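The structure appears below as structure tokens.
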Number of protein chains: 2
Amino acid sequence: MFESYTIKDIAKALGVSTSTVSRALKGSYEIGAETKKLVQEYAEKVNYRPNPIALSLKDQKSHSIGVVVCEVANDYFSQAINGIESIAYNLGYHVIITQTHESFDRETVNVQHLLSRHVDGLLVSLSAQTTDTSQYKYLHEKGFPIVFFDRIAADINTHRVVADNFKGAFDATELLIKSGFKKIAHLTNSNNLSITVERLNGFKAALAKHGIEFKPGYLKNCEHGGMIYDEIEFAVKALLAMDDRPEAVFIGSDRLTINCMSILKKLGVKVPDDLALAGFTNSEVVDLFDPPLTVVRQPAFQIGQKATELLIKTIESKWPVEDFTTERVDTLLIERLSSQKLK
Amino acid sequence: MFESYTIKDIAKALGVSTSTVSRALKGSYEIGAETKKLVQEYAEKVNYRPNPIALSLKDQKSHSIGVVVCEVANDYFSQAINGIESIAYNLGYHVIITQTHESFDRETVNVQHLLSRHVDGLLVSLSAQTTDTSQYKYLHEKGFPIVFFDRIAADINTHRVVADNFKGAFDATELLIKSGFKKIAHLTNSNNLSITVERLNGFKAALAKHGIEFKPGYLKNCEHGGMIYDEIEFAVKALLAMDDRPEAVFIGSDRLTINCMSILKKLGVKVPDDLALAGFTNSEVVDLFDPPLTVVRQPAFQIGQKATELLIKTIESKWPVEDFTTERVDTLLIERLSSQKLK
DNA sequence: GTGAAAGCGCTAACAC
DNA sequence: GTGTTAGCGCTTTCAC
């Protein structure tokens, strides 16, 4: 096995005490210049690294943060994790990632697991199935640092970082309207999610602004957050089978947008001729699609970074934090062929 | 802050000693049935969780493994990490991910960082820039567990998990040949990488089998592993500008395949009419591309799993491991429009 | 200016 | 059957 030097080894080698070594290494003023130099040079020479586990045990912090997301192999979340990691790394934390696969049970198990690992705080994006947020409420009340991002718990007053989902949805919907569509459907995620509600509101607001009535029949929710292909296919087919079939659809989630394209292609429905399309996604290759996709992009990397900064600030705060912010960052609308009305 | 119960709290509350609690909790036979029950019920009640940091300090293991990859926001690696995490999670390890962004310096820093965190072992996929593997050699010789996956170090005899890159390349190239192409270029990664060499060999073997001469001019390396867009664009343009311009190109990396498509589209080069294309990628949406892409997929998830299993087995081995395996898993060739010869 | 020792949470060897 | 204690690596208070 691989051994590394401890403070004790250095102390023994140099014939001083461990406390001297400890102090010398952090340049304490109490240590004589030559001793200090001696110790520091020796430590350097043997490539001494303090044992972070011992430090953690001492100061009762694990220097790790737990992340709860639905899926890593998802463009939005892999980008967000990238942001999380970049901040955590710089501030000396490491990141433990867990996936819910949109299941509430799995989410609960993950949180328990992370707590048993004594993470110093939690970065959470709720699963599509989650309605009961009491475990977070309990922890939050006990003073345990939690930051929600993307899919937040409305009833827990802690730091939150989200995209401006309302505006993102509004913009995309308005774009479809301005392209000339009036019959616009909305395919979206589980109603449990904050993002679903916000995006639906943005969708409705855009319709209202342009005097278009919201038709409940044009709204399709996929309760499993796009994890179940058949559910999406069912919803898409239902839209296509309507008497007053929509001409366009605005899609409220990354996975749904991609899967919807895939289903339409399979069914031989031409985009945008038969059905125009705009949707949320963070995929970087949608301009290579046939047709190129009109999308709402979220600054996932920055969202991950901000959430992590807030979390670590909370963790390291000397005083109980009581003042919580909700950061809202802009989305980006990119128009491509899929949302255009062809002659 | 958030406090949790320790063995000491339980001992005090129950008026027994800490060792009794410790033993009772692991159901030791030395403890009387009623004491055991008492302790276990109390621990359950207060939701006791052993402090993993204390355990780590005791048995000199951090129960964490370090991962070195070039990029997380890459389909192949995010899928591999998924596999890594799934195994690590089940075996009680957590995973610290670092990214090299294809830089050797960054890789060195990352390895140092991971070692300073006292990870129990390393899962490594080399950066495109790396030629000097001495840091790994040094660690390996000291008995430190390392498993290479995907981009391996040829000169270090440790566990390795790779796709059958030779065959994957061979199959894709042969497919192009069978489609009727003879002038086939190869756009690929840095020559430093094991995968580059293996895929090139597969490419050459397929040409040879069908009596086609290998033209060095048709081989383009992107030394930065596709991180620099201009480099790829330069290579693609060079191929297109050749007197004896290739009719098809086989691409040896995920990022290059996607970027090449993007460049061809920008240049107005029609695929497969003007240039047919087949390449390695693990993107799940390439069937939505225009045109749908012919690809070689790697079982990234399984590769991640296997590598992690081997690593943890090595870590937990009671004896120094001397017998190392190289696991080679099959790739999957999926034919779509991009590789077909149109009339 | 430096050393001794306690303590963080847990386990295990050694009492009794 | 249960308690006492040392020790994992490090910091820090208290001595000198």
Side-chain angles (χ1 to χ4, degrees), chain A residues 1-40 42-43 46-64 92 115-120 316, chain B residues 1-43 46-64 92 115-120 316 318:
Chain A
M1 269 310 311
F2 187 73
E3 305 290 336
S4 46
Y5 279 79
T6 70
I7 223 168
K8 218 174 183 172
D9 299 325
I10 300 180
K12 203 183 297 167
L14 264 40
V16 297
S17 77
T18 57
S19 40
T20 301
V21 176
S22 172
R23 279 182 281 228
L25 287 174
K26 31 178 56 59
S28 161
Y29 63 93
E30 332 171 70
I31 301 293
E34 55 237 272
T35 315
K36 207 183 274 183
K37 188 155 171 253
L38 190 70
V39 170
Q40 289 176 343
Y42 186 78
V46 301
N47 195 28
Y48 166 77
R49 307 263 170 229
N51 184 330
I53 298 166
L55 291 175
S56 291
L57 184 62
K58 190 110 204 35
D59 66 10
Q60 296 301 313
K61 305 223 299 134
S62 63
H63 291 275
S64 61
L115 292 177
S116 78
R117 289 239 179 237
H118 285 229
V119 293
D120 296 333
E316 295 185 344
Chain B
M1 269 311 311
F2 186 73
E3 304 290 337
S4 45
Y5 279 80
T6 69
I7 224 168
K8 219 173 181 171
D9 299 325
I10 300 179
K12 204 182 299 168
L14 264 40
V16 297
S17 77
T18 57
S19 44
T20 300
V21 175
S22 172
R23 280 183 281 227
L25 287 174
K26 30 176 62 57
S28 163
Y29 63 92
E30 329 171 73
I31 301 294
E34 57 237 270
T35 315
K36 207 182 275 183
K37 188 156 171 251
L38 189 72
V39 171
Q40 288 175 343
E41 279 174 356
Y42 185 79
V46 302
N47 195 26
Y48 166 78
R49 307 262 168 230
N51 185 329
I53 298 165
L55 290 174
S56 291
L57 184 61
K58 190 109 204 36
D59 67 10
Q60 297 298 315
K61 305 224 299 134
S62 63
H63 292 276
S64 61
L115 292 177
S116 78
R117 289 236 179 239
H118 284 229
V119 293
D120 296 334
E316 296 186 343
K318 300 261 186 285

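Just so it is clear: chains get the letters A, B, ... in the order the sequence lines come, proteins before strands, and each one is counted from 1. As the structure is a computational prediction, the values presented were derived from the model and not from experiment.
The shortest distance between side-chain heavy atoms of Ser56(A) and His63(A) falls below 4.5 Å. For the pair Leu57(A)/Ile53(A), no side-chain contact is recorded, criterion being any heavy-atom separation below 4.5 Å from C-beta on. Taking 4.5 Å as the limit, every side-chain heavy atom of Leu38(A) sits out of range of all side-chain heavy atoms of Tyr42(A). Inter-residue side-chain proximity for Thr6(A) and Asn51(A) is flagged as unmet; no heavy-atom pair is nearer than 4.5 Å.
Taking atom CG on Leu25(B) and atom P on dA12(C), their separation rounds to 13 Å, with Å as the unit. As rounded to whole Å, 14 Å separates atom P of dG9(C) from atom OH of Tyr5(B).
Between its opening and closing five pairs, the helix from dG1(C)-dC16(D) to dC16(C)-dG1(D) changes axis direction by 60°, a value rounded to 10 degrees.
Nearest heavy-atom pair, Tyr48(B) versus Tyr5(B), reported as atom, atom and distance to 0.1 Å: CD1-O, 3.4 Å. Heavy-atom minimum distance, Thr35(A) versus Thr20(A): CG2-CG2, 3.8 Å. The nearest pair of heavy atoms linking Gly92(B) to Arg117(A) is O-NH2, 2.8 Å. Nearest heavy-atom pair across Thr18(B) and Ala11(B) is N-CB, 3.8 Å. In plain terms, the two heavy atoms of Pro50(B) and His118(A) that are nearest each other are O-NE2, 4.1 Å. Between Ile31(A) and Ala24(A), the shortest heavy-atom contact is CG1-N, 3.9 Å.
When DNA chain D is scanned in the 5' to 3' direction for atoms under 4.0 Å from non-hydrogen atoms of chain B, the outermost contacting nucleotides are dG1(D) to dG9(D).
Atom CG in Leu115(A) sits 8.5 Å away from atom CG in Asn47(B) (nearest 0.5 Å).
For dA4(C), its base never sits under 3.5 Å from the side chain of Thr18(A) at any donor and acceptor pair.
Between Gln60(A) and the phosphate of dG9(C), there is a side-chain N or O to OP1/OP2 separation shorter than 4.0 Å. For the pair Ser22(B) and dT11(C), the criterion of a side-chain N or O lying under 4.0 Å from OP1 or OP2 is met. In terms of phosphate contacts, Thr20(A) brings a side-chain nitrogen or oxygen within less than 4.0 Å of OP1 or OP2 of dG3(C).
Within the structure, the salt bridge (charged side-chain N to carboxylate O under 4.0 Å, His left out) test picks out the following pairs touching residues 10-28 of chain A (sequence neighbours left out): Arg23(A)-Glu30(A).
Residues from residues 8-16 of chain B lying near DNA chain C, meaning a heavy-atom separation below 4.0 Å, are Lys8(B) in numerical order. Near-neighbour residues of DNA chain C inside residues 29-37 of chain B, defined by a heavy atom below 4.0 Å, are absent. Contacts between residues 47-57 of chain B and DNA chain D, defined by a heavy-atom separation below 4.0 Å, involve Leu57(B), listed by number.
Thr6(A) comes within 4.0 angstrom of sugar-phosphate atoms only, judged by non-hydrogen atoms across all strands, and of no base.
Judged by distance alone, with hydrogens and angles left aside, the side-chain atoms of Ser116(B) form no donor-acceptor pair with the main-chain N or O of Arg49(A) at under 3.5 Å.
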